[in-house]
Amino acid sequence: MEKVDYLIHGKHIITCEEHNQVLKNHTLVLKNGKIIAITPTASVRNTYAATHEYDYDKHALLPGLVNSHTHITMNIFRGLSDDLALMDWLTNHIWPAEGKWLSKELVYDASLLAIAEMIRGGTTCFNDMYFFPEATAQAAELAGLRAYIGMHIFNIPNGWAKTFDECFTKGLAFYQAYKNHPLITPTIAPHSTYTLLLEQFPKIKDIADQYQLKINIHLQEAYPETQAFIAQHNKTPLQALHDLGMVSPQLLAIHMVHATEEDCAILQQTKANVVHCPESNMKLASGTCPIEKMRQLGVNIALGTDGAVSNNDLDMFGEMRSAAFIGKVSTQEPTAVPAEAALKMATINGAKALSCDHLIGSLAVGKSADFIAMDLEQIETQPLYHPVSQIVYAAGRHQVTDVWVAGKQLMKNRQLLTLDEKALLAKAKEWRNKIK
């Protein structure tokens, strides 16, 4: 009889492996933060003796969701400015608010609030780009959440860095502090081709290559921004980065709403990743990313919420549903972006984009125990015929009851275990009163 840490029994286990296999009445066997077996519940006690057992007899167990593009600090400005075009919204509202209030204290407090929201919504890993990355990392450490956090490269003076070069100085200090952390992974995050000069990108590439960093960048999000770049350079932003050798599996091309046929071919050939943010794209009227075309070409497509000022939430269940619906209506094809594909975009595809699919993104032997439990025996998801379809098309984040990262429980029966909810709410009101 092998001694283990946990036996996690589930009515349904959705693996998100190759064919989104759904196992009924199976058990996750956990030891030292990893899944060491997935076995039928009826016979599991013949082989394993656990210190703790959890019986989710009404639940589906599935991999924790991967939010592949966020600016989580911006949730402190949620609802401050809505219903505006992208550049008007940024230059006349959001950037001025950041200019006035941006500080390490704000980033830390806002990150904790956003992380609590993500845990309650079943997200166990997020990929962030913002200022004061060390503050977001400290918040993620406290909460126990897995995070990829960008060294934000910006060419506009701000409260974190005044110059392009200072971004690198501070970003590399952050990299040195977290390069070996078990849950925090530094990336490099040049904001966009409209906030940076094209001649600055070779330095970004050199740093990314030297430290083997994932590159996150907003690309071709809005039509005016994309057309202005084409008018100046006679090529799209993606094509310009491709000419510089920056389009590779290390690249996360965020948004890619206005992708041309040539762009799609480049993404296919280079095996770069696209991060689709459907609800932000809809709210800002940016357009419709051709994800079904990309999907058919074999491009890896992950999902992100973007920031909570352009969404206005960090709800990955909403993103899955929106991605599926947009894929269908934009092609007038009801079989486009099926539920299974949408779920993979929120799990294993996000892990692949971040090159951590050996560790997370699906439930498999040898992977980290990053998973969530969803109560599907609620009015909103009954009767239950197909768990994956029900999760994508009917379930809500309120049905996530329990969250685990690396074998550590972060939420139990909707109660946060690593964060103080009352303190977070009080701090949110304090910032609201200042900013208002």
Side-chain angles (χ1 to χ4, degrees), residues 67-82 89-91 93-121 123 125-143 145-154 156-161 167 170-171 173-174 177-178 183-192 195 216-218 254 275 277 279-280 283-284 304-316 419 423-436:
N67 189 341
S68 295
H69 176 60
T70 64
H71 312 281
I72 65 170
T73 297
M74 297 183 81
N75 78 331
I76 208 71
F77 302 119
R78 172 166 38 203
L80 183 66
S81 178
D82 288 317
W89 173 75
L90 276 176
T91 58
H93 299 272
I94 299 305
W95 287 346
E98 289 176 328
K100 182 175 182 179
W101 294 105
L102 185 63
S103 67
K104 185 175 180 179
E105 179 188 9
L106 178 139
V107 171
Y108 180 75
D109 290 343
S111 293
L112 283 176
L113 183 66
I115 285 168
E117 179 180 350
M118 287 192 289
I119 292 171
R120 285 164 57 88
T123 292
C125 177
F126 69 97
N127 182 35
D128 199 64
M129 57 189 299
Y130 203 67
F131 311 104
F132 296 99
E134 67 280 6
T136 298
Q138 289 163 7
E141 278 187 285
L142 177 65
L145 204 61
R146 196 177 298 277
Y148 286 70
I149 299 177
M151 299 151 45
H152 202 181
I153 309 301
F154 213 57
I156 300 172
N158 56 78
W160 178 62
C167 290
K170 292 190 171 181
F174 167 70
Y178 283 93
L183 292 178
I184 311 297
T185 303
T187 72
I188 194 164
H191 179 270
S192 64
T195 56
N216 295 275
I217 181 170
H218 301 100
I254 301 157
V275 182
C277 304
E279 295 194 355
S280 177
K283 184 167 184 283
L284 293 172
T305 59
D306 210 341
V309 286
S310 65
N311 186 306
N312 288 14
D313 57 39
L314 300 171
D315 180 5
M316 287 293 288
L419 297 174
L424 294 176
L425 291 171
K427 186 63 71 171
K429 290 176 182 176
E430 180 182 323
W431 278 108
R432 187 271 318 274
N433 291 338
K434 288 180 183 178
I435 293 168
K436 186 178 179 182

### Query
CG of N312 to NZ of K283: how many Å apart, nearest 0.5 Å?
4.0 Å
#### Entry: Aromatic plane relationship, F154 with H152 - under 30° parallel, 30 to 60° tilted, over 60° perpendicular
tilted
#### Entry: Residues that N127 engages under side chain to side chain donor-acceptor pair (under 3.5 Å), provided they are two or more places apart
N216
### Message
Any side-chain to backbone donor/acceptor pair from H218 onto I254? Under 3.5 Å, distance only.
### Response
no
### Query
Going through the distances and angles, do M316 and M118 end up as a side chain to side chain contact (heavy atoms under 4.5 Å, CB included)?
CA-CA 9 Å; M316 287 293 288; M118 287 192 289; over 6 Å; no
### Query
Are any side-chain N or O atoms of K170 and backbone N or O atoms of W160, one a donor and one an acceptor, separated by less than 3.5 Å?
yes
### Task
Can you sort out the partners of F77 under ring pair (Phe, Tyr, Trp, His ring centres under 6.0 Å), two or more places apart, ordered by chain and number?
none
### Message
Quick one, R78 with D313, criterion side chain to side chain contact (heavy atoms under 4.5 Å, CB included). Give me CA distance, side-chain angles, the key distance, then yes/no.
### Response
CA-CA 8 Å; R78 172 166 38 203; D313 57 39; 4.2 Å; yes
### Task
Just jot down the salt bridge (charged side-chain N to carboxylate O under 4.0 Å, His left out) partners of D128, sequence neighbours excluded, or say none.
none
For residues 424-432, please give each side-chain donor-acceptor pair under 3.5 Å, one per line with the distance, not counting sequence neighbours.
unit_1	atom_1	unit_2	atom_2	d
W431	NE1	D109	OD2	2.9

### Distance (rounded to the nearest 0.5 Å) between L314 CG and R120 CZ
12.5 Å
### Message
Set out, in order, the CA-CA distance, both residues' side-chain angles and the distance that settles side chain to side chain contact (heavy atoms under 4.5 Å, CB included) for M74 and D306, then state yes or no.
### Response
CA-CA 9 Å; M74 297 183 81; D306 210 341; over 6 Å; no
### Summary
Residue set satisfying side chain to side chain donor-acceptor pair (under 3.5 Å) with Y108, at least two apart, ordered chain then number -> none
### Message
For I94, is there any backbone N or O sitting under 3.5 Å from a side-chain donor or acceptor partner on W89?
### Response
no
### Query
Rounded to the nearest 0.5 Å, how far apart are CZ of F126 and CD1 of I119?
9.5 Å
### Task
Give, for atom CD1 of I184 and atom OH of Y178, the distance between the pair rounded to the nearest 0.5 Å.
6.5 Å
#### Entry: Separation between OG1 of T187 and CE of M151, rounded to the nearest 0.5 Å
8.0 Å
### Spacing of T305 atom OG1 and N75 atom CG [to the nearest 0.5 Å]
10.0 Å
Could you pull out every donor-acceptor pair under 3.5 Å between side chains of residues 130-139 and any protein atom, sequence neighbours left out?
unit_1	atom_1	unit_2	atom_2	d
Y130	OH	E98	OE2	2.5
T136	OG1	S111	OG	3.0

